[in-house]
Amino acid sequence: MSADRETNTTMTDRDIALLLADAADEVEIGIAPYQAVIRGGRRRRARRWALATAAALVITGASGTLALAGLRDGDGREVTPAVTQRPTQPLTPEERHVYEPQDTLVGTGGVGGKDWRVTVQVWGAPRDEGEAWAQLQRMKAYGEEAVAVDKSSQLIGKYTFFVRRSIGDGKESVITQNSVDTKDRMAGTDLESAALSLDPNHTEPQRLVVGQVAKTAQQVACTWKNGTTTYADLVSAGADLNTDESSIRPVAGAPVNWFVCVGAPGTSFDSVKVVTE
């Protein structure tokens, strides 16, 4: 580089090129950080996708419809998020099963050459006095009687269940029943159960346990007085029922799951709990 270029503030294109060449001679060129570039690019694209998803969720949650046009990802491609629309009108009483209950078979088996069955019947929660009154009339037509309900308004905001057992060709009998506020939710190891005999005359030991647990419960342990334990495991909705099977099952219309434990002939119920480990 000439002394003239050191003092002359007017530099030509050739002078600039020479300066860049001198600077390049002093730089040690290594391997390009390819992986870092890829990771960085992925992070940027992922951030844009996250923002797009968040925007879609906010709009969906606010109005139940998607009004987002021209949304694009980090590569400039248009994004069309999947959206599940919520109904704009409240479900009718018929759709909520306020006047017609839903029945779910939760247990079946054999005893003394006869078949036994346990079903859970669920009535949807009325939202006002008119629905509650009509539901009470329908229950009476079904031969059902809601316990501790003196007037129809007491059913508002509550779903009602009836647990029924039948043996052989005998008539179904209600073994437990209740009306529960829809805001009440079971959680963790919460459990409610009833132990009963598989003999209609109640002359045999109580070796059938029926109860309800939180949706998160995966297993229930029923212990019998002979020292044995029966485990009821969670199965999917609609799973087949096997004879004398112990299981936890979803019940149509219920915010909880129901379980059935069956003990060996001759034994009797001792205790029951939700298994956490």
Side-chain angles (χ1 to χ4, degrees), residues 90-108 116-202 206 208-217 220 232 237-238 241 247-261 269 272 274:
L91 294 176
T92 67
E94 289 76 15
E95 291 172 314
R96 289 182 279 115
H97 294 276
V98 174
Y99 308 138
E100 296 291 335
Q102 300 181 82
D103 291 276
T104 303
L105 180 66
V106 296
T108 186
W116 62 265
R117 294 163 55 92
V118 174
T119 59
V120 178
Q121 183 184 85
V122 179
W123 296 72
R127 292 180 176 174
D128 54 41
E129 176 69 39
E131 290 185 4
W133 183 87
Q135 182 181 77
L136 200 57
Q137 307 314 305
R138 290 296 296 164
M139 285 182 180
K140 292 178 181 178
Y142 269 78
E144 309 284 20
E145 183 179 356
V147 177
V149 175
D150 299 321
K151 53 185 179 179
S152 58
S153 60
Q154 293 175 308
L155 293 174
I156 298 174
K158 297 179 180 179
Y159 74 94
T160 300
F161 67 81
F162 295 88
V163 182
R164 293 176 165 275
R165 180 201 60 184
S166 64
I167 300 177
D169 296 330
K171 181 181 178 181
E172 286 188 335
S173 58
V174 176
I175 58 178
T176 184
Q177 179 271 323
N178 199 10
S179 297
V180 184
D181 194 309
T182 56
K183 296 177 183 178
D184 292 342
R185 299 283 175 164
M186 302 186 81
T189 58
D190 290 349
L191 180 150
E192 294 180 2
S193 66
L196 58 150
S197 172
L198 281 174
D199 175 20
N201 299 318
H202 305 287
Q206 296 173 327
L208 176 64
V209 181
V210 181
Q212 53 183 335
V213 292
K215 287 284 190 179
T216 54
V220 169
L241 277 171
S247 62
I248 307 171
R249 295 176 179 273
V251 166
V256 297
N257 287 341
W258 283 81
F259 71 91
V260 169
C261 277
F269 170 75
V272 61
V274 173

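Excluded from the calculations below are hydrogen atoms, water molecules and symmetry mates; all remaining heavy atoms, backbone and side chain alike, are included.
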Note, [X] side chain near [Y] side chain (heavy atom, < 4.5 Å):
| X | Y | answer |
| --- | --- | --- |
| M139 | T160 | yes |
| F162 | Y142 | no |
| V118 | L208 | yes |
| E131 | Y99 | yes |
| V272 | F259 | yes |
| E144 | Q121 | yes |
| T182 | P255 | no |
| V210 | T176 | no |

Taking atom [atom1] of [X] and atom [atom2] of [Y], what is their separation to the nearest 0.5 Å?
| X | Y | atom1 | atom2 | value |
| --- | --- | --- | --- | --- |
| R138 | E100 | CZ | CD | 4.0 Å |
| D181 | R185 | CG | CZ | 9.5 Å |
| W116 | T108 | CH2 | OG1 | 6.0 Å |
| R164 | Q177 | CZ | CD | 10.0 Å |
| W133 | S153 | CH2 | OG | 14.0 Å |

Minimum heavy-atom distance [X]-[Y], with the two atoms named:
| X | Y | value |
| --- | --- | --- |
| L155 | A132 | CD1-O, 4.1 Å |
| L105 | R249 | O-CD, 4.3 Å |
| Q135 | V98 | NE2-O, 3.0 Å |
| S247 | A232 | N-CB, 3.6 Å |
| G253 | V122 | O-CG1, 3.4 Å |
| T216 | G188 | OG1-N, 4.2 Å |

Side-chain donor-acceptor pair under 3.5 Å between S152 and E129, yes or no?
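The answer is yes; a qualifying pair exists.
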Check salt bridge (Lys or Arg N to Asp or Glu O under 4.0 Å) between R165 and all other residues, then give those that pass, not counting sequence neighbours.
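By the salt bridge (Lys or Arg N to Asp or Glu O under 4.0 Å) rule, R165 matches no residue at all.
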Can you list everything that forms a salt bridge (Lys or Arg N to Asp or Glu O under 4.0 Å) with R117? Sequence neighbours excluded, please.
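Counting only residues at least two positions away or on another chain, R117 forms no salt bridge (Lys or Arg N to Asp or Glu O under 4.0 Å).
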Over 12 non-hydrogen atoms of neighbours within 6.0 angstrom of CG in D169:
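Check fails, neighbour count at 12 or below.
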In this structure, are over 12 heavy atoms from other groups packed under 6.0 Å from E145 atom CD?
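Counting neighbours around CD of E145, 12 or fewer heavy atoms of other residues, nucleotides or ligands fall under 6.0 Å, so no.
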Side-chain donor-acceptor contacts of residues 191-200 below 3.5 Å, not counting sequence neighbours, with atom names and distances?
{"residue": "E192", "atom": "OE1", "partner": "Q212", "partner atom": "NE2", "Å": "2.9"}
{"residue": "S197", "atom": "OG", "partner": "D199", "partner atom": "N", "Å": "2.9"}
{"residue": "S197", "atom": "OG", "partner": "E204", "partner atom": "O", "Å": "3.1"}
{"residue": "D199", "atom": "OD1", "partner": "N201", "partner atom": "N", "Å": "3.1"}
{"residue": "D199", "atom": "OD2", "partner": "T203", "partner atom": "N", "Å": "3.0"}
{"residue": "D199", "atom": "OD2", "partner": "T203", "partner atom": "OG1", "Å": "2.2"}

Matching residue for M186 among N257, V256, V180, V274 - test: side chain to side chain contact (heavy atoms under 4.5 Å, CB included):
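That would be V256.
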Strictly distance-based, threshold 3.5 Å: is any side-chain N or O of Q154 a donor or acceptor partner for the main-chain N or O of K151?
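Checking the backbone N and O of K151 against the side chain of Q154, a donor-acceptor pair under 3.5 Å is found.
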Side-chain donor/acceptor of D128 to backbone N/O of G130, under 3.5 Å:
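Flag set: sc D128 to bb G130 pair under 3.5 Å.
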